[in-house]
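Labels below follow one simple rule: chain letters A, B, ... track the order of the sequence lines, proteins then strands, and each chain is numbered from 1.
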2 protein chains.
Amino acid sequence: MTKDNSTEQKILEAAEEVFHEKGYDGARMQEIAQHAGINKGLLHYYFQTKDKLFEAIFSVALNRMVSRVHIILETEGTLEEKIDLIIDQYMNIVLKNPSLPRFVITELNKNPDRFIARHINKDAKNAFSAFLISVQKEIDKGTIRQIDARQLLMNMISLIIFPFIGRPIMQVFFGANNEEFKKLLGERREHIKIFIKNAIKK
Amino acid sequence: MTKDNSTEQKILEAAEEVFHEKGYDGARMQEIAQHAGINKGLLHYYFQTKDKLFEAIFSVALNRMVSRVHIILETEGTLEEKIDLIIDQYMNIVLKNPSLPRFVITELNKNPDRFIARHINKDAKNAFSAFLISVQKEIDKGTIRQIDARQLLMNMISLIIFPFIGRPIMQVFFGANNEEFKKLLGERREHIKIFIKNAIKK
DNA sequence: GTCTATATCATGATAGAC
DNA sequence: GTCTATCATGATATAGAC
């Protein structure tokens, strides 16, 4: 590793932290520079504009949010195996990186067209097709009830991700508890698996 | 209505639109003034600071997100009735105001402590207690399986709200379709009711 | 109450020395 | 490559005329 590379790395780590925390509008180049232990001038030397730096961070984050799911959806296996895999692996990602979903979804909403187009590619379509076939197979076998595969996938993603985004609102609903919420999130992995399987079984 | 009131009203409507769309950091006083058909000076005459104007908008939004649910949770009735009521009424709110959940949750996440404390009151605790009792009653009767009431409530809220926040990411997963997504949202009300009831029944 | 003009400040970005 | 100093812009907020 050259020293260039090391500085660039520090910048990327600092930028990720600040952008994830504050979003594009709330992030300050000054703060990113501080976190990286350098000054603004150097920051602009590596990434000319805030926009370019943001793009670097955002594309990694978006990829982290979708690629794993795409791979799993296409994997050979029964529907039940796919469901368990998605829940396990996706939970791992968001537990390790709790601010990721909020960041990606907030920024995606601010500028949907800008990013969606480049990510709706053949991979996405193939992945979903594979999942749809798995679902239809089980319906035909009679092991699960008639259900729209898109709604099912949306339900799974909703149940996994929402608690990480909606945490403060859920705390309002429950009435306080901060420690308990963490415990709930930990128990949630198995809870969701059972919940979904019950919901679809015949 | 006096003329004062009318101008204040115009400001509030404009501010709601801009804040909901762009968030606190992205919103500009200039843009709010334009939308209201006035100038920045007058805007500051009514609401001295951006912060105060934001507070006025945000408190209404947060209230819209939680009060209805609190009321329903406390209403007399069976668990099934409560579930249907929450889904129906909450769906109505977000369908009428699709940007509401995104706005509230994004801002809440940026500054959790600032707002949560004042909303975790006796109402919240009573509401959730009432729901918890309803759930326990059904478990005791043997009509539903053993389940954590907090997880169940979180699941309901997740299934209702997430699609409105996570729409762009779901479009990536599905591979495009914009019109279809609206159709999915419309069909979702009944879908969720069935999904949840199947998930909890014994 | 409403407008125009202006003060003040913070931010993204650049220039230039080392 | 890295730093300091500075520019240019745009945003909140205020002052003052009408």
Side-chain angles (χ1 to χ4, degrees), chain A residues 1-61 103 106-111 114-115, chain B residues 1-61 99 103 106-107 109-111 114-115:
Chain A
M1 291 289 166
T2 65
K3 205 174 180 194
D4 299 42
N5 202 318
S6 165
T7 298
E8 188 173 331
Q9 196 53 35
K10 276 193 296 181
I11 291 175
L12 286 172
E13 284 165 17
E16 179 168 302
E17 191 182 332
V18 176
F19 276 131
H20 278 218
E21 177 82 13
K22 311 251 174 113
Y24 180 87
D25 293 324
R28 297 288 166 250
M29 296 298 268
Q30 171 63 29
E31 191 179 355
I32 294 173
Q34 273 171 1
H35 274 241
I38 58 170
N39 55 36
K40 281 193 298 178
L42 194 53
L43 190 54
H44 282 281
Y45 172 79
Y46 278 89
F47 299 84
Q48 296 73 34
T49 66
K50 185 182 179 183
D51 244 68
K52 283 185 187 165
L53 181 53
F54 176 79
E55 282 276 353
I57 300 302
F58 184 78
S59 66
V60 168
F103 171 64
T106 305
E107 299 302 330
L108 221 41
N109 269 305
K110 262 189 251 172
N111 218 328
R114 185 170 167 193
F115 305 101
Chain B
M1 290 288 168
T2 66
K3 205 174 180 191
D4 299 41
N5 202 317
S6 165
T7 297
E8 189 173 331
Q9 196 54 35
K10 276 192 297 181
I11 292 176
L12 287 172
E13 282 166 20
E16 179 169 303
E17 191 182 332
V18 176
F19 276 130
H20 279 218
E21 177 83 13
K22 310 251 173 112
Y24 180 87
D25 293 323
R28 297 288 166 251
M29 294 298 267
Q30 170 63 30
E31 193 180 353
I32 294 173
Q34 273 171 1
H35 274 242
I38 58 169
N39 56 36
K40 284 192 294 178
L42 193 53
L43 190 53
H44 282 281
Y45 172 78
Y46 278 89
F47 299 84
Q48 295 74 33
T49 67
K50 184 182 181 183
D51 245 67
K52 283 185 189 167
L53 180 53
F54 177 78
E55 283 275 354
I57 301 301
F58 184 78
S59 66
V60 168
S99 65
F103 170 64
T106 304
E107 299 303 329
N109 269 305
K110 263 190 249 171
N111 218 328
R114 187 169 166 193
F115 305 101

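Between B:Tyr45 and C:dG1 there is a side-chain N or O to OP1 or OP2 distance below 4.0 Å. In this structure, B:Thr7 does not reach the C:dG1 phosphate: none of its side-chain N or O atoms is under 4.0 Å from OP1 or OP2.
For A:Lys10 and D:dT2, the NZ to C1' distance is 11 Å, given to the nearest whole Å. Regarding A:Ile11, its CD1 atom lies at a distance of 11 Å from the C1' atom of D:dT2, rounded to whole Å. Taking atom CG of B:Leu43 as the reference point, atom C1' of C:dG1 lies 14 Å away to the nearest angstrom. One interatomic measurement links the two molecules: NE2 of B:His44 to C1' of D:dT12, which rounds to 5 Å at whole-angstrom precision.
Every residue meeting the side-chain contact (heavy atoms from CB on, under 4.5 Å) condition with A:Glu17, not counting sequence neighbours, appears here in chain and number order: A:His35. By the salt bridge (charged side-chain N to carboxylate O under 4.0 Å, His left out) test, A:Glu31 is found to be paired with A:Lys22, residues two or more places apart in sequence or in another chain being considered. Listed by chain and number, the residues in a salt bridge (charged side-chain N to carboxylate O under 4.0 Å, His left out) with A:Lys110 are A:Asp25, A:Glu107 (sequence neighbours excluded).
For the salt bridge (Lys or Arg N to Asp or Glu O under 4.0 Å) condition, the pairs that include at least one residue of residues 33-54 of chain B, sequence neighbours left out, are B:Asp51-B:Arg114.
Between A:Phe19 and A:Phe103, the gap from one ring centroid to the other reaches at least 6.0 Å.
Sorted by residue number, the members of residues 47-57 of chain A with any non-hydrogen atom under 4.0 Å from DNA chain C read A:Thr49, A:Lys50. Taken residue by residue, residues 19-40 of chain A places heavy atoms nearer than 4.0 Å to DNA chain D at A:Ile38, A:Asn39.
The two atoms that bring A:Leu43 and A:Ile38 nearest to each other are N-CD1, 4.0 Å, heavy atoms only. B:Arg28 and B:Val18 get closest at one heavy-atom pair: N-CG1, 4.4 Å. Taking every heavy atom of both residues into account, B:Ala56 and B:Leu12 meet most closely at CB-CD2, 4.2 Å.
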